[in-house]
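Here the structure is laid out as structure tokens; the discussion comes afterwards.
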2 protein chains.
Amino acid sequence: MKRKITLKHIARELEVSISTVSKALNNSSEISRDTKDKIQAFAKLYNYKPNNIAVSLKNKRTKNIGVIIPDIVHHFFTTVFRGIEQYANQHGYNVIVCVSDESFDREVINMEMLANGSIDGFIMALAGETQLKKDFNHLKEVTEQGIPLVLFDRVTDEIRCDKVVLNDAEIAYEATDSLIAEGRKRIALLTTDNFFSVSSSRELGYRKALEEHHISIDEQLILRLPYNEDVNGIESFLVANNIDAILSVNEIFAIHCMGLVQKMGLKIPEDISVIGFTDGILSKYSEPKLTTVAQHGDKMGEVAAKLLIEKIENDFDEEEEVFSTEVISATIIRRESTIN
Amino acid sequence: MKRKITLKHIARELEVSISTVSKALNNSSEISRDTKDKIQAFAKLYNYKPNNIAVSLKNKRTKNIGVIIPDIVHHFFTTVFRGIEQYANQHGYNVIVCVSDESFDREVINMEMLANGSIDGFIMALAGETQLKKDFNHLKEVTEQGIPLVLFDRVTDEIRCDKVVLNDAEIAYEATDSLIAEGRKRIALLTTDNFFSVSSSRELGYRKALEEHHISIDEQLILRLPYNEDVNGIESFLVANNIDAILSVNEIFAIHCMGLVQKMGLKIPEDISVIGFTDGILSKYSEPKLTTVAQHGDKMGEVAAKLLIEKIENDFDEEEEVFSTEVISATIIRRESTIN
DNA sequence: TATTAACACGAAAACGGTTTCGCTATTTTC
DNA sequence: GAAAATAGCGAAACCGTTTTCGTGTTAATA
């Protein structure tokens with residue numbers, strides 16, 4: 001087992017000082033061509049690589065970014081993560097992921113673990129519990145320490161930081177509008193407990209579209225389900241109400257609906273149109289294929305990483321921080337579950 | 001912006017030495033009750049937390065583990081990751097994830113980035129390209145440096161290290177066997193280019209089951225598709241061959257098959273039985289619901305993390321390393337695409 | 001009372017780098 | 001040829017911890 005070689009070893013071996021070795025390897029102009037060549041050759045030969053930890057301690061830069069997400073076995077979050085990871089890697093950053101599992105406590109613990117020097121900044125989507133409790137002190141503490149933070153998707157107004165969100169309300173409006181354009185009158189909304197910022201935004205868009213078309217809003221047509229995949233209750237909802245279209249805030253609810261609707265002997269899209277959120281694997285392989293709104297998670301992750309890294313690398317200029325909120329434009333992927 | 005407080009600050013403020021502060025906070029018996037109380041109270045008041053980087057540098061322990069996987073937007077890998085992350089977190093470790101995207105080069109680069117002090121050990125599944133090239137020097141280098149490594153799912157015999165694998169051959173045997181028990185005679189195998197270790201293991205099991213039941217193997221019934229989701233070629237394969245059952249090495253191929261089969265006017269499972277691999281979201285929501293082999297990714301990740309952390313924390317005893325290969329038992333989840 | 005042991009703490013080295021500063025020897029400038 | 005500039009390198013501080021070792025004070029022992 002050959003241990004990693006350090007500056008000290010090289011210095012001893014070549015009978016120069018550690019400073020000289022360090023400078024030579026960083027191509028400093030202080031060092032002569034000759035010694036530089038000699039040292040660099042030796043370093044290459046023995047495959048010298050600087051110890052990340054030591055460098056981090058010295059420069060107070062870890063080149064790590066911390067990502068805290070509520071769930072990892074989840075299409076949208078994984079695509080966002082992929083976007084983050086790609087951009088980060090291209091810019092020399094590594095990504096530490098923690099999963100809050102929708103738990104406030106785990107979110108807090110994870111942040112605290114990482115906030116003590118392990119990372120240069122955070123990217124996160126709030127846990128469900130956190131949005132419910134509205135307790136954001138852990139976020140405040142972190143930002144007050146000067147650690148950059150970017151929130152995406154599940155955000156809050158109570159924290160001043162960069163944000164990346166989807167135009168949830170608008171795309172829900174657009175989706176609802178397109179259902180109305182198909183002649184649908186009784187459009188159901190399948191959503192979650194609406195302490196989720198995204199769910200309530202989507203509901204807003206839904207309501208606005210109906211109102212603008214002077215369709216009175218029937219609160220019976222709005223079904224709120226718990227966030228987990230507990231999908232019971234959809235069936236009785238469907239049989240109880242005379243529905244001709246469904247807008248679902250996620251893929252699972254939508255697919256499940258389609259199954260039930262078909263079992264009831266109704267045809268999609270002839271009798272009922274369905275639009276979901278999240279352009280995941282289910283939407284592509286369902287029967288019929290689901291019309292859905294693509295959230296462009298990759299893009300969202302990329303933008304989040306970009307914002308964060310800019311903040312990290314410019315944090316020398318303390319000129320009264322200015323925060324931006326980037327809006328990612330969702331698009332509706334038209335497939336077979338709608339007429340248009 | 002209040003910067004983080006250090007031992008030095010506490011020492012200055014309380015007019016003691018840094019060593020005393022350090023010892024007091026670590027509850028050393030060298031320090032008197034009085035001073036300990038004083039220092040601990042002060043530390044709590046100012047919310048002192050030791051700097052992870054400095055601690056890492058000192059102890060040569062980062063409490064980070066590096067995970068390198070081929071893909072993250074992929075059900076199986078995310079479940080494994082969840083298993084890893086949970087176990088790791090419970091034991092005070094954080095997880096740095098890198099995605100190789102099936103690329104050999106990215107795998108190498110990622111390993112090198114992390115191997116210079118950032119992590120205490122690796123958990124990885126080999127990139128497709130790596131399995132194709134059979135070039136494992138980057139793994140060798142890492143293990144020779146004494147960095148513990150655990151390989152899962154996509155493994156190789158050429159590296160001596162801990163491994164966690166599925167009983168792929170056996171479960172494929174079992175699945176094939178159960179199809180034969182249904183009376184199926186012409187069982188197709190949908191697989192990938194078989195440089196993937198898992199694919200070839202599964203093929204082995206498939207062949208063994210047929211042989212044992214004296215069903216001659218028709219090579220025409222084995223369709224090899226590229227690993228990406230390029231699903232063309234399945235249709236012509238299905239129409240060209242007279243098939244009564246399908247074993248697919250993944251979920252996507254299986255679901256796609258089911259769609260095509262149904263379009264051809266055949267019934268599942270009456271005319272054709274289908275068994276897939278990966279108990280993902282698709283299997284649960286397809287029509288009919290897919291019988292599939294559950295790989296228990298969570299368990300696999302947990303075991304991998306357990307093996308790794310044990311190696312990390314016991315690496316003081318250099319008593320001629322002994323490596324184990326843990327086998328996770330897959331189970332067949334019986335749903336609607338098979339008769340039994 | 002002299003010797004030893006226990007106690008409580010500080011100085012300093014170490015982890016592995018980067019960087020400032022100072023020193024010597026050579027080269028340039030006038 | 002003397003003064004000044006420059007080239008090339010090393011010593012040492014520093015990042016924030018942990019840990020070994022030494023030291024002065026007090027308490028226990030003979």
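Atoms considered below: every heavy atom in the structure, side chains included; atoms not considered: hydrogens, waters and symmetry mates. Every chain is numbered from 1 and lettered A, B, ... according to where its sequence line falls, protein lines coming before strand lines.
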Margin query: Exactly one of A/Ile96, A/Val67, A/Ile312 should register a side-chain contact (heavy atoms from CB on, under 4.5 Å) with A/Ile119. Which one does?
Written below: A/Ile96
Next item on the list: Check the distance between D/dG8's C1' and A/Leu14's CG and give it to me in whole angstrom.
Entry: 16 Å
Notebook entry, point to check: Salt-bridged, A/Lys306 to A/Glu302, with N to O below 4.0 Å?
Noted result: no
Note to self: Any residue in residues 109-121 of chain A with a heavy atom nearer than 4.0 angstrom to DNA chain C? Just list them by number, or reply none.
What the structure shows: none
Next item on the list: Assign the ring pair B/His74 / B/Phe77 to parallel, tilted or perpendicular, where the plane angle (0 to 90°) is split at 30° and 60°.
Entry: tilted
Item checked: Protein proximity profile, nucleotides 16-22 of chain D - base contact B, sugar-phosphate-only contact S, no contact -, cut-off 4.0 Å on heavy atoms -> BBBBBB-
Output side-chain donor-acceptor pairs under 3.5 Å for residues 38-50 of chain B, partner residues at least two apart or in another chain, one line each.
unit_1  : atom_1 : unit_2  : atom_2 : d
B/Gln40 : NE2    : B/Ala24 : O      : 3.0
B/Asn47 : OD1    : B/Lys49 : NZ     : 3.4

Item checked: salt bridge (Lys or Arg N to Asp or Glu O under 4.0 Å) partners of residues 90-100 of chain A, not counting sequence neighbours, each pair once -> none
Next item on the list: Scan A/Thr35 against the nucleic acid and name what it touches under 4.0 Å (heavy atoms): base, sugar-phosphate only, or nothing.
Entry: sugar-phosphate
Note to self: Distance check needed: C/dT18 P versus A/Ile39 CD1, whole Å only.
What the structure shows: 13 Å
Notebook entry, point to check: Roughly how many Å is it from CD1 in B/Ile31 to P in D/dT25, rounded to a whole number?
Noted result: 17 Å
Check: To the nearest angstrom, how far is A/Lys38 atom NZ from D/dG8 atom P?
Finding: 13 Å
Notebook entry, point to check: Separation of A/Asn52 atom CG from D/dC15 atom C1', in whole Å?
Noted result: 16 Å
Next item on the list: Name all pairs fulfilling the salt bridge (Lys or Arg N to Asp or Glu O under 4.0 Å) condition that reach into residues 81-105 of chain B, sequence neighbours left out, sorted by first residue then second.
Entry: A/Arg106-B/Glu85, B/Arg82-B/Asp298, B/Glu102-B/Arg154
Next item on the list: Could you check how far CD of A/Glu15 sits from P of D/dG10, rounded to whole Å?
Entry: 11 Å
Notebook entry, point to check: How many angstroms lie between CD1 in A/Ile72 and OG in A/Ser100, if you round to the nearest 0.5 Å?
Noted result: 11.0 Å
Note to self: Can you confirm whether the side chains of A/Asn116 and B/Lys4 place a donor and an acceptor under 3.5 Å from each other?
What the structure shows: yes
Notebook entry, point to check: How close or far is atom C1' of C/dG17 from atom NZ of A/Lys63, stated in whole angstroms?
Noted result: 16 Å
Check: Looking at B/Ser32, does any N or O in its side chain come under 4.0 Å of the phosphate oxygens OP1/OP2 on C/dC9?
Finding: yes
Notebook entry, point to check: Quick one: salt bridge (Lys or Arg N to Asp or Glu O under 4.0 Å) pairs with a partner in residues 120-143 of chain B, sequence neighbours left out?
Noted result: none
Check: To the nearest angstrom, how far is A/Ile10 atom CD1 from C/dG16 atom P?
Finding: 13 Å
